[in-house]
Amino acid sequence: MEKMKRIDRVLKYEGAIVDVYDDLMESPTGHIAHWDYIRHRKGAAAVLPVTDEGKILMVRQYRNALNRETLEIPAGSKDTADEPGIVCAARELEEETGYRPGKLVPLVTVASTVAFCNELIEVFLATELVRSSRHLDEDEFIEEESYSLEELKSMIFAQQIQDGKTIAAIMAYAAFSDGPGKER
């Protein structure tokens, strides 16, 4: 199969987390097109925290792109591009929920929007949670909630949870566990 060829890439916007480019692409038939490309500078990590009782901790927060609150797993950008995802995931868990993981294992990696963005989100399963304290950023207003695996699956299919990384994490956990609180 012949492949697309990038002829040029022009930076259109440089942001704090992402850069936006206009890519000039040539198809195998010679057709020239402009494609949007968003480069996530650092990558991200997320965590599916499961309590000893089998409840999954979730965070509810306002998301500007959707102009509403969403229910998600804790997540955030890495501090640097080379920061290990596991370090970022542990930090985000404590910042957003006030829990530290006793055990943190890889669960799934999500390419958030493959059509136009390079962001990869490493998702980890956190168990053996230890109560600590939250350290929210100045612009974060987050409510912590807890649900059973079955409740969350129902919420996904009822369109109440639409965040891709959260859906991937919950469904991966459901597929690889024998039930709430039991790791693979």
Side-chain angles (χ1 to χ4, degrees), residues 1-48 58-97 104 106-126 135-143 152 155-173 175:
M1 180 170 119
E2 295 186 57
K3 300 190 189 258
M4 296 294 293
K5 177 181 171 188
R6 182 181 312 115
I7 299 169
D8 196 15
R9 173 170 282 168
V10 178
L11 178 64
K12 294 294 185 175
Y13 171 78
E14 190 171 1
I17 298 172
V18 299
D19 297 327
V20 179
Y21 294 86
D22 176 27
D23 283 357
L24 191 60
M25 304 297 293
E26 182 179 1
S27 74
T29 63
H31 178 74
I32 304 296
H34 289 268
W35 287 6
D36 294 334
Y37 168 63
I38 298 173
R39 179 177 73 93
H40 194 285
R41 290 189 186 162
K42 301 175 188 175
V47 59
L48 184 85
M58 303 287 288
V59 293
R60 186 175 300 278
Q61 60 187 319
Y62 176 80
R63 290 302 194 181
N64 186 50
L66 299 177
N67 193 30
R68 64 178 169 85
E69 288 186 339
T70 62
L71 187 63
E72 307 172 35
I73 58 174
S77 293
K78 295 178 179 181
D79 283 345
T80 62
D82 61 348
E83 178 182 39
I86 197 165
V87 172
C88 178
R91 179 184 64 249
E92 291 297 325
L93 175 63
E94 186 168 15
E95 282 180 9
E96 296 184 8
T97 69
L104 202 54
L107 183 62
V108 67
T109 297
V110 177
S112 63
T113 330
V114 297
F116 57 83
C117 185
N118 72 334
E119 180 185 41
L120 292 177
I121 305 171
E122 298 174 63
V123 182
F124 296 84
L125 172 65
H135 310 284
L136 296 176
D137 294 336
E138 283 184 17
D139 61 347
E140 285 183 312
F141 300 94
I142 294 175
E143 295 175 34
L152 291 173
M155 292 170 79
I156 289 169
F157 296 119
Q159 307 294 314
Q160 295 169 321
I161 295 176
Q162 297 177 321
D163 176 61
K165 72 181 176 303
T166 299
I167 293 170
I170 291 166
M171 299 312 283
Y173 177 65

Quiz item: What residues form a salt bridge (Lys or Arg N to Asp or Glu O under 4.0 Å) with Glu69, not counting sequence neighbours?
Solution: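 Scan of Glu69 (salt bridge (Lys or Arg N to Asp or Glu O under 4.0 Å), adjacent residues dropped) gives none.
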Rounded at 0.5 Å granularity, tell me how far [atom1] in [X] sits from [atom2] in [Y].
| X | Y | atom1 | atom2 | value |
| --- | --- | --- | --- | --- |
| Met155 | Ile161 | CE | CD1 | 4.5 Å |
| Phe157 | Leu152 | CZ | CG | 11.5 Å |
| Ile156 | Leu71 | CD1 | CG | 9.5 Å |
| Glu96 | Arg91 | CD | CZ | 10.0 Å |
| Met25 | Ile32 | CE | CD1 | 9.5 Å |
| Ile73 | Leu107 | CD1 | CG | 8.0 Å |

Quiz item: Is Lys165 salt-bridged to Glu72, cutoff N-O under 4.0 Å?
Solution: yes
Quiz item: Is Arg63 salt-bridged to Asp163, cutoff N-O under 4.0 Å?
Solution: no
Might you point out which heavy atoms bring [X] and [Y] nearest each other, and give the distance in Å?
| X | Y | value |
| --- | --- | --- |
| Ser112 | Ile121 | CB-CD1, 4.1 Å |
| Phe124 | Leu104 | CB-CD1, 3.8 Å |
| Ala46 | Ala75 | CB-CB, 3.5 Å |
| Glu119 | Ala44 | OE2-CB, 3.8 Å |
| Thr80 | Asp82 | OG1-OD1, 2.8 Å |
| Cys88 | Ser77 | SG-O, 3.5 Å |

Self-check item: Donor-acceptor under 3.5 Å (Thr113 side chain, Cys117 main chain)
Solution: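 Not a single qualifying donor-acceptor pair exists.
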May I ask you to test the [X]-[Y] pair for a side-chain heavy-atom distance under 4.5 Å?
| X | Y | result |
| --- | --- | --- |
| His34 | Leu24 | yes |
| Asp79 | Lys42 | no |
| Thr166 | Met58 | yes |
| Glu122 | Pro84 | no |
| Met4 | Trp35 | yes |
| Arg39 | Arg9 | no |
| Glu14 | Arg41 | yes |
| Asp36 | Ile38 | no |

Exercise. I would like to know whether Tyr173 and Val108 meet side chain to side chain contact (heavy atoms under 4.5 Å, CB included); could you show each step before the answer?
Key: CA-CA 9 Å; Tyr173 177 65; Val108 67; over 6 Å; no
Quiz item: Going through the distances and angles, do Leu11 and Tyr21 end up as a side chain to side chain contact (heavy atoms under 4.5 Å, CB included)?
Solution: CA-CA 4 Å; Leu11 178 64; Tyr21 294 86; 3.7 Å; yes
Quiz item: Under 3.5 Å, is there a donor-acceptor pair linking the side chains of Asn67 and Tyr62?
Solution: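 Judged by distance alone, the side chains do pair up.
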